[in-house]
Amino acid sequence: MLDRKLIREQPEIIRQALADRGCECDLDEILELEKQRCEVTSQVERLKSRRNQAGEQIAAGKKSGQDVQAEIVAMRGISGEIKVLDGRLKEVENRLDSELLKIPNIPHGSVPRGDERANQEIRCWGELPRGEFEYKPHWELGERSGILDPVRAAKIAGARFMVYRGAGARLERALIQFMLDLNIQEGGYTEIFPPLLVNRDAMIGTGQLPKMENDIFRIQAEELYLIPTAEVPVTNLHCQEILKAGQLPIKYVAYTPCFRREAGTYGKDTKGLVRQHQFNKVELVKIVRPETAYAELEDLVQDAEKILQKLELPYRTLVLSTGDMSFASAKSYDIEVWHAGAKRYWEVSSCSVFGDFQARRANIRFRDEAGKVQYCHTLNGSGLATSRLLPAIMENYQETDGSINMPPALVAYLGGRKKITPDGEWE
RNA sequence: GGAGAGGUGGCCGAGUGGUUGAAGGCAGCUGCCUGCUAAGCAGUUGUACCCUUUACUGGGUACCCAGGGUUCGAAUCCCUGCCUCUCCGCCA
């Protein structure tokens, strides 16, 4: 949610930002509604002031035994007017809110303008594996060895679900544990395990709704939503709170399954783990003071990259352009890991700073040293998504015979085991 | 799922229709005072929005879980929802 005062006073800034994003939003309607809101508020409050005064007089009159019937009758008219104006105000506010919730965030000045072609690679790490053979995609390796079983997953749930078996399940679990431990011990994050279903307010708070209605699973009977990312419950942990300055920065790490409908992606990326309705992700969330937000973003990206470095997986980091950023983001870095079988990079993390955009929606504030209440800034990033990480390990660490070596950093999490054989057993 | 109780300011806790944004206590802050600690005295302490202003200057409105309703007027009465607690049942 953008600052209404900013929209009112400098609409050209917002117009430029929307144009950079390639967003067609109607700012004029918002400006008009905002004007109406101020006018009607003013009117109705004047009437209420009169009503309050009259109330005192009636009370005093009754106490001293005077006849106040005439005044009571007179106030009936005022009360009626108030009711009408209150109704109008409510309607204006509802319309204004619903429009406001659809306006995306303003990109930071350092973000390159343009569509996805304007994304800039800012770092590249590691060397691409160069075996003397044809690298197989992970779905082939997985199905042949039986550690991934999409066919049985389809029987019980449908397309875009996966069953992990034996060494595959263990590897998935090891990755999650490894990333949690790393972020807790070296990154100083506090671990959270949140609810996987949340209410509508939480979804609005972080900006998934109302825009992404079609991409989210909804539990109809209860008006609850399956989280598409841990960002939603974890950021909203502090909604409606005024934090103490000393509590900031707050740094949380959370492993959760994530659920996405992936509507409109039929026929795309149908093989393997890269685009599933349910996948696992370790998420990093920060709530910080405004002046530290961009430094915190750089740290956040480093925390995510460190995981790939420890696992010795080659990756590159991009800064996303204004046209390619997500709805709520002010600036985003994507980290993409190399998949040797698919012969391409896949996004494994997206690290974003949101300014006060989410904090306004979720009403997350803090009291500074001067006693002034201001909005926090929020950030988050994957650290990391296993659905892109596990394939990277399978594909990059594979050998000619279809066996898969384990990254050395992970061996301790696998009970000392170092290799999965071509038939899915531990060697 | 069945039966009951309840949700008031940072915390505790009064308050069942009329100067109650809200008694009292605790905590916090500001003065005064005591050679330190403790005690004492006086004052003060929320958020959002509207109007006004050079200014968080001044004025106003709203907020006692949320949303409706009754009324000239509601923290107080009625309805709905949400949440918490107790007992019974069921259960990983």
Side-chain angles (χ1 to χ4, degrees), chain A residues 1-9 30-101 193-205 209 218-225 233 236-248 257 290 356-376:
Chain A
M1 178 106 72
L2 297 178
D3 184 2
R4 287 174 180 184
K5 212 173 278 172
L6 182 69
I7 297 179
R8 218 187 308 163
E9 288 164 9
I30 288 177
L31 285 166
E32 175 57 30
L33 286 168
E34 173 65 6
K35 207 177 111 199
Q36 279 182 34
R37 183 181 70 89
C38 292
E39 284 169 7
V40 180
T41 301
S42 209
Q43 268 179 56
V44 76
E45 286 186 356
R46 245 177 319 212
L47 289 178
K48 282 182 179 171
S49 178
R50 258 173 72 193
R51 181 177 72 182
N52 289 343
Q53 277 175 22
E56 275 178 41
Q57 280 166 18
I58 292 170
K62 266 195 172 173
K63 212 174 223 172
S64 60
Q66 292 167 15
D67 180 22
V68 290
Q69 200 50 38
E71 278 158 84
I72 287 178
V73 171
M75 287 316 292
R76 276 189 195 142
I78 302 270
S79 251
E81 267 184 80
I82 289 173
K83 198 164 271 182
V84 170
L85 285 175
D86 262 344
R88 251 223 346 260
L89 183 60
K90 181 121 208 162
E91 192 197 317
V92 169
E93 277 177 339
N94 286 345
R95 272 169 58 201
L96 184 59
D97 281 346
S98 88
E99 287 307 310
L100 241 26
L101 287 174
F193 190 69
L196 307 182
L197 277 76
V198 298
N199 60 32
R200 190 171 176 90
D201 285 344
M203 286 297 220
I204 288 173
L209 291 180
R218 175 164 156 240
I219 310 293
Q220 235 165 355
E222 302 282 348
E223 188 61 32
L224 288 171
Y225 299 82
N236 280 291
L237 242 31
H238 294 287
C239 72
Q240 310 297 331
E241 289 185 26
I242 299 178
L243 299 161
K244 296 191 182 79
Q247 289 178 263
L248 304 178
D356 63 7
F357 188 84
Q358 291 182 327
R360 281 179 188 280
R361 291 173 159 245
N363 207 13
I364 307 170
R365 295 173 292 174
F366 76 102
R367 196 183 302 278
D368 65 20
E369 285 71 9
K372 206 180 143 200
V373 173
Q374 34 177 326
Y375 286 105
C376 299

> In whole angstrom, what separates A:Lys48's NZ from B:U61's C1'?
Replying inline: 7 Å
>> Any strand counts, and the cut-off is 3.5 Å on both contacts for Watson-Crick or G-U wobble. Which nucleotide pairs with B:G21?
In response: none
> When rounded to the nearest Å, what value does the distance between C1' atoms of B:G58 and B:U37 take?
Replying inline: 45 Å
>> Tell me whether A:Arg200 at atom CZ has more than 12 heavy atoms from other residues, nucleotides or ligands lying less than 6.0 Å away.
In response: yes
>> Does the structure show a Watson-Crick or G-U wobble partner for B:C63, both distances under 3.5 Å? Name it, or say none.
In response: B:G46
> Considering Watson-Crick and G-U wobble pairs with both distances under 3.5 Å, what does B:G10 pair with?
Replying inline: B:C26
>> Regarding A:Lys62, tell me which of base, sugar-phosphate or nothing describes its non-hydrogen contacts under 4.0 Å with the strands shown.
In response: base
> Quantified in whole Å, what is the C1' atom distance between nucleotide B:U20 and nucleotide B:G4?
Replying inline: 31 Å
> Which whole-number value in Å describes the distance from A:Glu56 CD to B:U19 C1'?
Replying inline: 5 Å
>> Using atom P in both nucleotides, what's the gap between B:C77 and B:A5 to the nearest angstrom?
In response: 14 Å
> OP1, OP2 of B:U61 versus side-chain N and O of A:Asn52: anything below 4.0 Å?
Replying inline: yes
> Is there a Watson-Crick or G-U wobble partner for B:G40 with both distances under 3.5 Å, and which nucleotide is it?
Replying inline: B:C32
>> Taking the basic N atoms (NZ, or NE/NH1/NH2) and the acidic carboxylate oxygens, is any pair closer than 4.0 Å for A:Asp97 and A:Arg4?
In response: yes
> When rounded to the nearest Å, what value does the distance between C1' atoms of B:C33 and B:G40 take?
Replying inline: 8 Å
> Which is it for A:Leu224 and A:Arg218 under the side chain to side chain contact (heavy atoms under 4.5 Å, CB included) test, yes or no, and what are the steps along the way?
Replying inline: CA-CA 6 Å; A:Leu224 288 171; A:Arg218 175 164 156 240; over 6 Å; no
> For atom P, what is the distance between B:A66 and B:A74, given to the nearest Å?
Replying inline: 15 Å
> Can you tell me how far P of B:U70 sits from CZ of A:Arg76, to the nearest Å?
Replying inline: 13 Å
>> Using atom C1' in both nucleotides, what's the gap between B:A14 and B:G68 to the nearest angstrom?
In response: 28 Å
> Should we count CZ of A:Arg50 as having more than 12 external heavy atoms under 6.0 Å?
Replying inline: no
> Rounding to a whole Å, what distance do you find between A:Leu243:CG and B:G10:P?
Replying inline: 14 Å
Can you tabulate the close N/O pairs, meaning under 3.5 Å, that link protein atoms to atoms of nucleotides 47-50 of chain B?
residue, atom, partner, partner atom, Å
B:U47, OP1, A:Arg367, NH1, 2.9
B:U47, O3', A:Arg365, NH1, 3.1
B:A48, OP1, A:Arg365, NH1, 3.3
B:C49, O3', A:Arg37, NH1, 3.3
B:C50, OP1, A:Arg8, NH2, 3.3
B:C50, OP1, A:Arg37, NH2, 2.8
B:C50, O2', A:Ser42, OG, 3.2

> Looking at A:Lys48 and A:Glu45, does any basic side-chain N land under 4.0 Å from a carboxylate oxygen?
Replying inline: no
> Going through the checks in order, is the side chain to side chain donor-acceptor pair (under 3.5 Å) test met by A:Gln43 and A:Glu39?
Replying inline: CA-CA 6 Å; A:Gln43 268 179 56; A:Glu39 284 169 7; 5.8 Å; no
> Which nucleotide, in any strand shown, forms a Watson-Crick or G-U wobble pair with B:G4, with both distances under 3.5 Å?
Replying inline: B:C85
> Taking the same atom, C1', in B:G13 and in B:A75, what whole-Å distance lies between them?
Replying inline: 14 Å
>> Without decimals, in angstroms, what is the distance between A:Arg200 CZ and B:C82 P?
In response: 17 Å
> Between A:Asp86 and A:Lys83, does a side chain to side chain contact (heavy atoms under 4.5 Å, CB included) hold up when you go through it step by step?
Replying inline: CA-CA 5 Å; A:Asp86 262 344; A:Lys83 198 164 271 182; 5.8 Å; no
> Would you call A:Asp368-A:Lys372 a salt bridge at under 4.0 Å N-O?
Replying inline: no
> Distance between the P atoms of B:G60 and B:U76, in whole angstroms?
Replying inline: 24 Å
>> My understanding is that a pair needs two contacts under 3.5 Å, Watson-Crick or G-U wobble. By that rule, which nucleotide pairs with B:U71?
In response: none
>> So, OP1 or OP2 of B:U71: does either fall under 4.0 Å of a side-chain N or O from A:Lys83?
In response: no
>> One pair to check against side chain to side chain contact (heavy atoms under 4.5 Å, CB included): A:Tyr225 and A:Asn199. What are the steps and the verdict?
In response: CA-CA 6 Å; A:Tyr225 299 82; A:Asn199 60 32; over 6 Å; no
>> Side-chain N or O of A:Arg51 versus OP1/OP2 of B:C72: is the shortest distance under 4.0 Å?
In response: no
> Atom CG of A:Asn94 and atom P of B:G67: how far apart are they, to the nearest Å?
Replying inline: 11 Å
>> Nearest whole Å is fine: how far is B:A66 P from A:Lys90 NZ?
In response: 12 Å
>> Suppose we define a pair by two distances each less than 3.5 Å, Watson-Crick or G-U wobble; what does B:C91 pair with here?
In response: none
> Taking atom P of B:G67 as reference, at what distance in whole Å does atom CG of A:Asp201 sit?
Replying inline: 12 Å
